[in-house]
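Only one structure is covered here, and it is reproduced in the block below.
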Amino acid sequence: MSTTETTDAKTLGSSSHGIDLVTFALLNSQTGNILTGAENGLTKNGLAPIYQGVQGATNAEYQNIEREGTKVYANDVPKRVTRPTQAPTANLTFLDIAWDILNKLTGYEQGDDGGYSLASGAKPYFAMLTRSTFLDGSALYEAFACATAILPTNQHQTDNDSEQDANIALTVDAYQPINPDVFKLTSGKQAPYRRWNSMDPKFDAEKMMQQVFPGYTIDETMKIVVPSYDKPITPAPNLSGTSGK
């Protein structure tokens, strides 16, 4: 006779499909907080979900999330395993992405002639959050708290009977978070990569957003990045001294 153990808790799966959204925000290189405003940041509130019009991601492949350790032998048997530091990367491909956002993410500066060239010095730091879908319908969120990107190739082919599109493909490297309170482990150390399941009982959308994008003030962009977010949005106070009309 067999018995079946039942539980009221939902069993969460781990396999997923698709890529729903990629969201970026530039970071202050000293504090790790997001940069806001059209001049220093990507948008007024700092966050740039890539989704408008024909813009959007076609591929988001996280790599090197873990690397195999090295066995250390003694007495002819493995006694210890040395674990390498987590150094994840990601490959992102876009059907399209806004020209100004691409140049800001990759560190290109505009000259007086209107053209853009890769600036010398450090690459811009940014935070990145991707959303895909678990097979049970819940959302998988994955993030780099601090990253840089390169555009390694720009390949063009002649059109023939078919249009030969050259989609943008970025290579992204993650680093330890700049903000000391981001992606902390129980040991006190920080991790460069974090993931969430929207059906996890401890999932908190606001805390996730403030971890990935430190300094972000919850506004209407929240409902684009986290569609399940159902709390009312409180408008930001008007600090300009005008009525806004």
Name every donor-acceptor pair, under 3.5 Å, that has one atom in a side chain of residues 142-156 and the other anywhere in the protein, sequence neighbours excluded.
unit_1 : atom_1 : unit_2 : atom_2 : d
Glu142 : OE2    : Tyr193 : OH     : 2.6
Thr148 : OG1    : Tyr175 : OH     : 3.0

4.5 Å side-chain heavy-atom contact, Lys79 and Val72
no

With rounding to the nearest 0.5 Å, note down the distance linking CE in Met222 to CG in Asp230.
10.0 Å

Are Ile19 and Thr130 close enough that some pair of their side-chain heavy atoms sits under 4.5 Å apart?
yes

Distance-only, no hydrogens or angles: does the Arg80 side chain make a donor-acceptor pair with backbone N or O of Lys71 under 3.5 Å?
no

Under 3.5 Å, is there a donor-acceptor pair between the side chain of Gln211 and the main chain of Val182?
no

Let me see the working for Asn45 and Thr221 under side chain to side chain donor-acceptor pair (under 3.5 Å), right down to the final yes or no.
CA-CA 9 Å; Asn45 68 3; Thr221 304; 2.8 Å; yes

So which heavy atom on Val226 is nearest to which on Arg131, and how close?
N-NH1, 4.4 Å

Do Tyr62 and Pro88 come within less than 4.5 Å of each other through their side chains, counting heavy atoms only?
no

Between Phe24 and Leu42, is any pair of side-chain heavy atoms under 4.5 Å apart?
yes

Are Leu27 and Leu129 joined in one hydrophobic group, where the rule is that I, L, V, M, F, W and Y side chains link up if heavy atoms are under 4.5 Å apart?
yes

Nearest heavy atoms of Ile178 and Gly32, plus distance in Å:
CG2-N, 3.5 Å

Side-chain donor-acceptor pairs of residues 103-115 under 3.5 Å, sequence neighbours excluded:
unit_1 : atom_1 : unit_2 : atom_2 : d
Asn103 : ND2    : Trp99  : O      : 3.0
Lys104 : NZ     : Ala38  : O      : 2.6
Lys104 : NZ     : Gly41  : O      : 2.6
Thr106 : OG1    : Leu102 : O      : 2.7
Gln110 : OE1    : Tyr116 : OH     : 3.4
Gln110 : NE2    : Gly114 : O      : 3.0
Asp113 : OD1    : Gly115 : N      : 3.0

Can you check whether Pro232's main-chain N or O pairs, donor with acceptor, with Tyr229's side chain at less than 3.5 Å?
no

Linked, directly or transitively: Phe126 and Tyr216 (ILVMFWY side chains, under 4.5 Å)
no

Where the side chain of Asn179 meets the backbone of Asp181, is there a donor-acceptor pair that is under 3.5 Å apart?
yes

Phe183 side, atom CZ; Gln190 side, atom CD - distance, nearest 0.5 Å
10.0 Å

Scan side-chain atoms only and decide if Asn91 and Asn59 contain a donor-acceptor pair under the 3.5 Å cut-off.
no

I'd like to check Ile218 versus Gln210 (side-chain heavy atoms, cut-off strictly below 4.5 Å). Are they in contact?
yes

Return the set of residues passing side chain to side chain donor-acceptor pair (under 3.5 Å) with Tyr51 (not counting sequence neighbours), or none when no residue passes.
none

Give a yes or no on whether Tyr141 and Met128 share a hydrophobic cluster (residues Ile, Leu, Val, Met, Phe, Trp, Tyr; joining criterion: side-chain heavy atoms under 4.5 Å apart).
no

Please check this pair: side chain of Asn28 against backbone of Gln30, looking for a donor-acceptor N/O pair closer than 3.5 Å.
yes

If you draw a 6.0 Å radius around CZ in Phe94, do more than 12 non-hydrogen atoms from other residues or ligands fall strictly inside?
yes

For Gln164, is the CD atom crowded, meaning more than 12 foreign heavy atoms sit under 6.0 Å from it?
yes

Are the side chain of Thr36 and the backbone of Gly46 linked by a donor-acceptor contact shorter than 3.5 Å?
no

Heavy-atom check, side chain of Thr133 versus side chain of Asp20, under 4.5 Å
yes

Considering non-hydrogen atoms only, spot the tightest contact between Met199 and Ser138 and give its length.
CG-CB, 3.0 Å

Would you say the side chain of Glu61 lies within less than 4.5 Å of the side chain of Thr93, judging by non-hydrogen atoms?
no

Given side chains that start at C-beta, do those of Phe134 and Leu12 come closer than 4.5 Å, heavy atoms only?
no

Which pair of non-hydrogen atoms, one from Met208 and one from Phe203, has the smallest distance, and what is that distance?
SD-CE1, 3.7 Å

What pair of heavy atoms forms the shortest contact from Thr89 to Asn64, and how long is it?
OG1-ND2, 3.3 Å

